[in-house]
Amino acid sequence: MMSLWKRSLAARFICFTLLSLMLSQAIVFFISWDEHGQAIRKTAKGEILSRCASLARVLEATPPALQTDILNASNTSTARYWISANGLKDASAWREEAWERLAQPLPRVSFPGHTVPAEARPDFARNNASGGSAASSQWIDLKPEAWPLSRPAKFLYLDDATGMGLAVRLANGAWLNTAFAKPAQDGFWTSKSTVTLGLSALLLSIIAVFAARGIAQPLRRLAVAAEALGRGQEIVPLPETGPDDIRRTAEAFNRMQARLHRFVDDRTRMLAAIGHDLRTPLTSLRLRAEFVPDEDIREKMLSTIAEIQTMTEATLAFAREDATAESTRNVDLSALVESLCDDLAELGYDISFSEGQKISYSCRPDALRRACRNLVENAIRYGERARVSVERQADSVEITVSDDGPGIPDSAKEQVFTPFFRMENSRNRETGGVGLGLSIARTIVRHHGGDIVLTNTQKGLQATISLPAQDSGPPPPISRPVAGAKDVTNALEAAKPSVATMLQRASKSY
């Protein structure tokens with residue numbers, strides 16, 4: 001239950017709605033229940049006064065022989081009438097007699113053409129149980145203006161509910177007694193109120209679910225878009241509709257995405273322009289080096305200039321390829337990696353691929369293929385052979401590349417991803433590249449939301465590409481990847497010390 005509360009916005013809406021319903025019903029009940037009881041009591045009092053006055057007039061207008069039948073015919077399941085010829089009893093004794101008469105069944109009375117069947121009186125035990133708490137202890141004299149007749153009458157309450165008694169003196173000196181009581185009111189939790197409350201709760205829960213979905217759907221769409229943007233993808237602008245809060249959030253996200261793309265495109269164009277402009281002085285420097293008379297110095301200078309040019313071209317190629325538009329699509333990741341291994345194996349490299357299950361994955365296949373190729377070529381170059389496998393984990397997909405090399409020190413596991421960093425101090429291009437392979441691979445993998453981890457094993461070095469697991473649903477609409485201008489900038493910044501060192505070395509040799 002707590003897990004559903006933490007994860008589901010609809011569950012929270014339903015809980016808050018039902019809690020509000022229960023509180024409102026409780027407040028209404030406590031406010032109206034007392035007023036409801038008072039209204040019923042007032043109505044019952046008016047009814048018994050009216051009936052008693054009418055019956056008194058009827059009795060006074062009929063012969064005494066018929067009075068008993070009239071009284072029996074007037075009795076109901078909630079009212080009893082009788083005449084006291086010996087005067088009126090005190091309140092306590094009269095109250096006991098009233099409850100006894102109310103407890104008796106109605107007698108069967110027959111008139112010509114009319115029959116009243118006998119019926120048992122409803123159970124008044126609940127009313128009588130509280131008879132002494134709030135019932136009046138003495139008779140109350142009713143004033144002439146308080147009831148329809150002008151003759152004296154006395155009134156008292158039988159209990160805290162609707163029980164009440166009335167005695168009116170007839171013209172012959174006898175007293176007409178009236179006892180009235182209704183069964184205690186049903187509690188609030190009756191079957192009818194329970195069904196009503198249940199239907200109200202169900203209706204409010206359905207409304208809460210639709211309201212929660214209306215709020216959660218834009219938030220879910222925003223989360224998917226933010227995740228895609230974090231993986232280096234450009235998504236179509238979010239719909240800027242709905243309530244003001246949601247609409248403003250979508251507008252802010254769209255503006256942020258546009259600003260990021262504008263910033264990255266500007267930086268990429270700037271880097272391309274800088275790289276283009278660097279070619280002219282490098283060409284001029286190469287021409288000047290050709291006129292150096294000392295052959296050894298000339299070769300060293302030309303080698304240094306060539307290395308600078310290679311690094312510049314590699315950086316610009318990295319920028320151009322990173323900015324290339326490539327759509328994200330679903331591919332069989334195992335087949336993608338296996339085809340890469342087969343291509344390299346045909347070139348004579350020692351590569352083995354462990355076949356696994358088919359893994360459908362949404363990615364930029366050309367970029368991910370390049371990242372895997374860089375790791376495999378590094379494994380072959382420094383570890384003699386490469387063992388590749390693709391496995392699906394609980395929350396990720398892992399591509400593992402292992403070799404039989406000496407591994408790398410723990411202190412250099414993060415440093416090797418720095419642009420232009422190479423473990424080989426000689427920086428010989430014959431035994432290694434310019435130091436962008438691992439940097440490019442990590443950049444590509446991180447643009448997919450994953451990362452690369454290097455681990456030393458007993459046999460050699462193991463490089464693991466960990467990609468986040470994806471839902472089975474369709475990927476968000478993608479137009480093109482976002483260029484990694486920051487990584488290109490870092491590459492140029494990292495290249496500055498190397499370039500400066502090579503130029504100083506060349507100038508000293510000259």
Return yes if some donor-acceptor pair links the side-chain N/O of [X] with the main-chain N/O of [Y] below 3.5 Å, else return no.
{"X": "Thr328", "Y": "Ser362", "answer": "no"}
{"X": "Thr418", "Y": "Gln415", "answer": "yes"}
{"X": "Asn254", "Y": "Leu238", "answer": "yes"}
{"X": "Ser54", "Y": "Ser50", "answer": "yes"}

Can you check whether [X] reaches [Y] side chain to side chain, under 4.5 Å on heavy atoms?
{"X": "Ser402", "Y": "Thr457", "answer": "no"}
{"X": "Leu333", "Y": "Leu368", "answer": "yes"}
{"X": "Ile246", "Y": "Leu219", "answer": "no"}
{"X": "Leu88", "Y": "Asn177", "answer": "yes"}
{"X": "Ile444", "Y": "Ile440", "answer": "yes"}
{"X": "Asn75", "Y": "Arg101", "answer": "no"}
{"X": "Leu59", "Y": "Leu71", "answer": "yes"}
{"X": "Lys45", "Y": "Lys42", "answer": "no"}

Could you walk me through whether Asp451 and Arg446 pass the side-chain contact (heavy atoms from CB on, under 4.5 Å) test, one step at a time? CA-CA 5 Å; Asp451 204 351; Arg446 284 185 172 178; 3.3 Å; yes

Residues two or more places apart in sequence or in another chain: which of them pass salt bridge (charged side-chain N to carboxylate O under 4.0 Å, His left out) with Glu47? Arg51

From [X] [atom1] over to [Y] [atom2], what is the distance, rounded to the nearest 0.5 angstrom?
{"X": "Leu222", "Y": "Arg220", "atom1": "CG", "atom2": "CZ", "result": "12.0 Å"}
{"X": "Ile140", "Y": "Phe155", "atom1": "CD1", "atom2": "CZ", "result": "6.5 Å"}
{"X": "Leu467", "Y": "Asp395", "atom1": "CG", "atom2": "CG", "result": "12.0 Å"}
{"X": "Ile465", "Y": "His448", "atom1": "CD1", "atom2": "NE2", "result": "10.0 Å"}
{"X": "Leu202", "Y": "Ile207", "atom1": "CG", "atom2": "CD1", "result": "10.0 Å"}
{"X": "Phe353", "Y": "Ser339", "atom1": "CZ", "atom2": "OG", "result": "9.0 Å"}

Taking it one step at a time, do Leu461 and Asn456 satisfy side-chain contact (heavy atoms from CB on, under 4.5 Å)? CA-CA 5 Å; Leu461 183 67; Asn456 289 316; 3.4 Å; yes

Kindly give the heavy-atom pair with the smallest separation between [X] and [Y], and that separation in Å.
{"X": "Ala174", "Y": "Asn172", "answer": "N-OD1, 3.1 Å"}
{"X": "Leu142", "Y": "Leu166", "answer": "CD1-CD1, 3.5 Å"}
{"X": "Val390", "Y": "Ile359", "answer": "CG1-CD1, 3.7 Å"}
{"X": "Arg80", "Y": "Gln104", "answer": "NH2-O, 2.7 Å"}
{"X": "Gly449", "Y": "Pro468", "answer": "O-CD, 3.5 Å"}
{"X": "Leu156", "Y": "Leu158", "answer": "CD1-CD2, 3.5 Å"}

Salt bridge (charged side-chain N to carboxylate O under 4.0 Å, His left out) between Arg369 and Asp366: does it pass, once the steps are laid out? CA-CA 5 Å; Arg369 180 185 176 92; Asp366 292 341; over 6 Å; no

Is a salt bridge present between Glu414 and Arg442, judged by a nitrogen-to-oxygen distance below 4.0 Å? yes

Go through it in stages, so that I can follow the logic: the residues are Val453 and Ser466, the test is side-chain contact (heavy atoms from CB on, under 4.5 Å), and I'd like the CA-CA distance, side-chain angles, deciding distance and then a yes or no. CA-CA 8 Å; Val453 178; Ser466 180; 5.9 Å; no

By ring-ring contact (aromatic ring centres under 6.0 Å, His included), which residues pair with Trp94, not counting sequence neighbours? Trp82, Trp139

Neighbour count >12 (heavy atoms, 6.0 Å) for atom CG, Asp141: yes

Please check if the number of heavy atoms outside Glu355 that lie under 6.0 Å from its CD is greater than 12.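 Check fails, neighbour count at 12 or below.
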
Set out, in order, the CA-CA distance, both residues' side-chain angles and the distance that settles side-chain contact (heavy atoms from CB on, under 4.5 Å) for Leu454 and Phe417, then state yes or no. CA-CA 10 Å; Leu454 302 180; Phe417 292 103; 3.8 Å; yes

